[in-house]
*Asks:* 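So that we are looking at the same thing, I have put the structure below in structure tokens.
Below, each value reflects all heavy atoms present in this structure, side chains not excepted, and no hydrogens, waters or symmetry copies.
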Amino acid sequence: MDQRGQRQARVRVRGHGRGARGRGVRMRGGGVVGRIQVSDEIRATIIDHVINHGLSYREAAQRVQPVLRRSTVVSIVRTFQNENRVHRLPHAGGRRNIFSVQQEAAIVDMVVANNAIKLREIQTAVIADQGTFQNINSVSVSTIDRVLKKNHLAMKQLYRVPFQRNSEMVKEARFQYVQRIMELEAEGPHTFIFVDEAGFNLTKVRRRGRNIIGHRATVTVPGQRGANITMCAAISNDGVLCHIPTVGPYNTERLITFLDALRHRLIPPQEGGLLRPGMPLFVIIWDNVAFHHSRLVNEWFAAQPCMMMQFLPAYSPFLNAIEEFFSAWRWKVYNHRPYDQMPLIDAMTAAAQEIGAEECQGWIRHTRRFFPRCIARENIACDVDENLWPIRHERIDND
């Protein structure tokens, strides 16, 4: 070995390996282990050896296991002499929290009061409020974002709520609707049937997809939008009762045709449309679209003693179970890819056959979860209101 190699070897032995100087604890036999935490018992033993028995720092370091460095013993003894303590202080590394618990709660209240507030608007409000945030002269947007995540506030799509949705008149109409439904249930056997119309178009596809980074996510659709196909459907606890598609929008004449088909589906021809003992009264529940109030529709129901209609209150789609039915049905239709695998009408029929009675019963139960809040005349902002289940495990439908 030349002189340069011998000199590098001596350096490695002296430092116990590259990057190991000042790190680790020397063990008997010359080995070195990683940095360890000296327990309070060993610290007390070191103090006893040096202060009470007069041992040197090096001797005290070699009387304990694992063997400590002399500098470690010096630090322990100096701490005892200057601060009169033997135990180690708890770890207090890093910065302390900028906001107190009360100040974090105030930030959360800002977001709850205004769901559209921006992080920079929160930042400006915090710095400007020298009452609640008197010790805060500056704060970063990332810090505010961490506070929101810590308190389980996340970015979500904004749900637009009309001003009239929770007006006193609308809340009273919801109260009257629930009262009427409960009265009908108390009077005798009733079958509630939810009816509505929804439009379909082949150009509608999913808004999000996946592809390799740097490449657009694409999907093939018809070149022209074409006409809408409107589907009128009826559901109950027995599942999908009737569905009739038509090109273009529904009107009074087409609605009468649908009601005739629904009546033949519900009432056997031999009954003659009469309400006999033990036979349920069929209650058609639908929204307040104009042709539902037309003269021909009212005359049709007047001629059907075993059927009646009940209008939903305005701005209350969460009380109509068929809204969720159409949401699920529409995507099932598009999943059949009607523009290249089957005609649209066949895709609609196939999608309807995939929805069973259990799904319809679940949607109807969900509408009834809003009944207590309607009776209490509470504000209801969302169709699927998370406030119904503030605790996650309570969101499971156990009915």
*Asks:* Looking at Thr45 and Glu41, would you say the former's side chain and the latter's main chain have a donor-acceptor pair under 3.5 Å?
*Replies:*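 Here the side-chain-to-backbone pair exists.
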*Asks:* With hydrophobic residues grouped by side-chain heavy-atom distances under 4.5 Å, do Leu55 and Val38 end up in a single group?
*Replies:*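 Cluster IDs for Leu55 and Val38 differ.
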*Asks:* Side chains of Ile375 and Gln179: closer than 4.5 Å at any heavy-atom pair?
*Replies:*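 Counting from C-beta outward, Ile375 and Gln179 do come under 4.5 Å.
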*Asks:* Any side-chain heavy-atom pair from Ile107 and Asn151 closer than 4.5 angstrom?
*Replies:*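 Contact flag for Ile107/Asn151 side chains = no.
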*Asks:* Is there a path of hydrophobic side-chain contacts, each under 4.5 Å between heavy atoms of I, L, V, M, F, W or Y residues, that connects Leu119 with Val126?
*Replies:*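 Looking at the clustering, Val126 is in the same group as Leu119.
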*Asks:* Please name all residues satisfying side chain to side chain donor-acceptor pair (under 3.5 Å) with Gln134, sequence neighbours left out, ordered by chain then number.
*Replies:*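 Side chain to side chain donor-acceptor pair (under 3.5 Å) check on Gln134 returns nothing, list empty.
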*Asks:* Give every residue pair that meets the ring-ring contact (aromatic ring centres under 6.0 Å, His included) criterion with at least one member in residues 59-81, sequence neighbours excluded.
*Replies:*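 Listed by first then second residue: nothing to list.
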*Asks:* Backbone N or O of Asn379 within a donor-acceptor pair of the Arg373 side chain at under 3.5 Å?
*Replies:*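 Confirmed, Arg373 side chain pairs with Asn379 backbone.
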*Asks:* Taking the side chain from Asn237 and the backbone from Gln361, do they hold a donor-acceptor pair closer than 3.5 Å?
*Replies:*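 Judged by distance alone, no pair lies under 3.5 Å.
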*Asks:* If we ignore hydrogens and angles and just use 3.5 Å, is the side chain of Asn114 paired with the main-chain N or O of Ala116 as donor and acceptor?
*Replies:*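 Side chain of Asn114 to backbone of Ala116: a pair is present.
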*Asks:* Can you pull the salt bridge (charged side-chain N to carboxylate O under 4.0 Å, His left out) pairs that have at least one residue in residues 175-188, sequence neighbours excluded?
*Replies:*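 Residue pairs with at least one partner in residues 175-188: Arg180-Glu183, Arg180-Glu187, Glu185-Arg368.
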*Asks:* Do Val283 and Thr191 touch side chain to side chain, with heavy atoms closer than 4.5 Å?
*Replies:*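 They are not in side-chain contact.
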*Asks:* Is the shortest heavy-atom distance from the side chain of Trp286 to the side chain of Phe194 under 4.5 Å?
*Replies:*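 No, too far: nothing below the 4.5 Å cut-off.
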*Asks:* Looking at residues at least two apart in the chain, or sitting in another chain, which of them share a side chain to side chain donor-acceptor pair (under 3.5 Å) with Asn135?
*Replies:*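 Partners of Asn135 under the side chain to side chain donor-acceptor pair (under 3.5 Å) test: Gln103.
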*Asks:* When you measure from the side chain of Glu323 to the backbone of Asn320, do you find a donor-acceptor pair of N or O atoms at a distance under 3.5 Å?
*Replies:*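 Pair absent, no side-chain N/O of Glu323 close to backbone of Asn320.
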*Asks:* Kindly say whether Val141 contributes a backbone atom to a donor-acceptor pair with the side chain of Asp145 at under 3.5 angstrom?
*Replies:*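 Side chain of Asp145 to backbone of Val141, a donor-acceptor pair under 3.5 Å: no, none is there.
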*Asks:* Which residue pairs pass the salt bridge (charged side-chain N to carboxylate O under 4.0 Å, His left out) test when at least one of the two sits in residues 99-108, sequence neighbours left out?
*Replies:*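 Matches after skipping sequence neighbours: Glu104-Lys150.
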*Asks:* Return the NZ to CD1 distance between Lys171 and Ile380, rounded to the nearest 0.5 Å.
*Replies:*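 Reported value, rounded in 0.5 Å steps: 9.5 Å.
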*Asks:* Only counting residues at least two apart or in another chain, list the ones meeting salt bridge (Lys or Arg N to Asp or Glu O under 4.0 Å) with Arg88.
*Replies:*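 Here no residue qualifies.
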*Asks:* So, using ring pair (Phe, Tyr, Trp, His ring centres under 6.0 Å) as the criterion, who are the partners of His49 when residues are at least two apart?
*Replies:*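 If we apply the ring pair (Phe, Tyr, Trp, His ring centres under 6.0 Å) test to His49, skipping adjacent residues, there are no hits.
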*Asks:* Between CD of Gln310 and CG of Leu312, what distance do you get to the nearest 0.5 Å?
*Replies:*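 Rounded to the nearest 0.5 Å, the CD-CG separation comes to 8.0 Å.
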*Asks:* State the CG-CZ distance between Asp196 and Phe326, to the nearest 0.5 angstrom.
*Replies:*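 Here the interatomic distance stands at 5.5 Å.
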*Asks:* Is any side-chain heavy atom of Arg174 less than 4.5 Å from a side-chain heavy atom of Arg377?
*Replies:*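 No - every pair of side-chain heavy atoms lies 4.5 Å or more apart.
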*Asks:* Considering residues, nucleotides and ligands other than Met182, do more than 12 of their heavy atoms fall under 6.0 Å from its CE?
*Replies:*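 No.
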*Asks:* Go through the steps to decide whether Arg216 and Asn211 satisfy the test side-chain contact (heavy atoms from CB on, under 4.5 Å), and finish with yes or no.
*Replies:* CA-CA 7 Å; Arg216 290 182 180 273; Asn211 202 353; 5.8 Å; no
*Asks:* Could you work out, with ring pair (Phe, Tyr, Trp, His ring centres under 6.0 Å) as the rule, every residue matching Phe371, not counting sequence neighbours?
*Replies:*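 Scan of Phe371 (ring pair (Phe, Tyr, Trp, His ring centres under 6.0 Å), adjacent residues dropped) gives none.
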*Asks:* With sequence neighbours left out, write down each residue that passes side chain to side chain donor-acceptor pair (under 3.5 Å) with His292, or none if nothing qualifies.
*Replies:*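 Once residues adjacent in sequence are excluded, the partners of His292 under the side chain to side chain donor-acceptor pair (under 3.5 Å) criterion are Glu197, Asp287.
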*Asks:* Just by modelled atom types, is the Leu255 backbone N or O under 3.5 Å from a matching donor or acceptor in the Thr257 side chain?
*Replies:*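 Between the backbone of Leu255 and the side chain of Thr257 there is no qualifying donor-acceptor contact (under 3.5 Å).
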*Asks:* Kindly compute the distance separating CE (Met307) from CD1 (Ile284), expressed to the nearest 0.5 Å.
*Replies:*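 With rounding to 0.5 Å, CE (Met307) is 4.0 Å from CD1 (Ile284).
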*Asks:* Could you state whether Leu296 and Phe301 fall into the same hydrophobic cluster, counting links through intermediate Ile, Leu, Val, Met, Phe, Trp or Tyr residues with side-chain heavy atoms under 4.5 angstrom apart?
*Replies:*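 Different hydrophobic clusters.
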*Asks:* Quick one: CG on Leu262 to CZ on Phe282, what's the gap to the nearest 0.5 Å?
*Replies:*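 Taking CG in Leu262 and CZ in Phe282, the distance rounds to 8.5 Å.
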*Asks:* Salt bridge (charged side-chain N to carboxylate O under 4.0 Å, His left out): which pairs involve residues 112-139, sequence neighbours left out?
*Replies:*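 Listed once each, the pairs would be none.
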*Asks:* Using the side chain to side chain donor-acceptor pair (under 3.5 Å) criterion, which residues pair with Ser142? Sequence neighbours excluded.
*Replies:*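 With sequence neighbours excluded, Ser142 shows a side chain to side chain donor-acceptor pair (under 3.5 Å) to Ser140, given in chain and number order.
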*Asks:* Within the structure provided, determine whether His243 and Thr349 are in side-chain contact (heavy-atom separation under 4.5 Å).
*Replies:*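 Contact flag for His243/Thr349 side chains = yes.
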*Asks:* Asp48 and His53: side chain to side chain donor-acceptor pair (under 3.5 Å), yes or no, with the steps?
*Replies:* CA-CA 7 Å; Asp48 180 65; His53 295 86; 3.3 Å; yes
*Asks:* Measuring only between side-chain heavy atoms, which start at C-beta, is His366 closer than 4.5 Å to Phe318?
*Replies:*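 No, every pair of side-chain atoms sits at 4.5 Å or beyond.
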*Asks:* Going by salt bridge (charged side-chain N to carboxylate O under 4.0 Å, His left out), name the pairs with one or both residues in residues 299-311, residues two or more places apart or in two chains.
*Replies:*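 Non-adjacent pairs meeting salt bridge (charged side-chain N to carboxylate O under 4.0 Å, His left out): Arg295-Glu299.
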*Asks:* Take atom CZ of Arg85 as the centre, draw a 6.0 Å sphere, and report whether it contains more than 12 heavy atoms from other residues, nucleotides or ligands.
*Replies:*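 Enclosed: over 12 neighbouring heavy atoms sit under 6.0 Å from CZ of Arg85.
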*Asks:* Around atom CD1 of Ile212, are there more than 12 heavy atoms from other residues, nucleotides or ligands closer than 6.0 Å?
*Replies:*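 No.
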*Asks:* Flag the pair Val297 / Phe291 as yes when at least one side-chain heavy-atom distance between them is below 4.5 Å, and no otherwise.
*Replies:*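 No; the side chains remain at least 4.5 Å from each other.
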*Asks:* Ser75 and Arg78: side chain to side chain donor-acceptor pair (under 3.5 Å), yes or no, with the steps?
*Replies:* CA-CA 5 Å; Ser75 177; Arg78 185 179 298 146; over 6 Å; no
*Asks:* Nearest 0.5 angstrom please: Leu68 CG to Ile42 CD1, how far?
*Replies:*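 Atom-to-atom, Leu68:CG and Ile42:CD1 are 6.5 Å apart.
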*Asks:* Is there a side-chain contact (heavy atoms from CB on, under 4.5 Å) between Ile285 and Ile181 once you walk through the steps?
*Replies:* CA-CA 10 Å; Ile285 299 176; Ile181 295 298; 4.1 Å; yes
*Asks:* Please determine whether residues Leu158 and Tyr315 belong to a single hydrophobic cluster, defined as Ile, Leu, Val, Met, Phe, Trp and Tyr linked transitively by side-chain heavy-atom distances below 4.5 Å.
*Replies:*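 Not linked; separate clusters.
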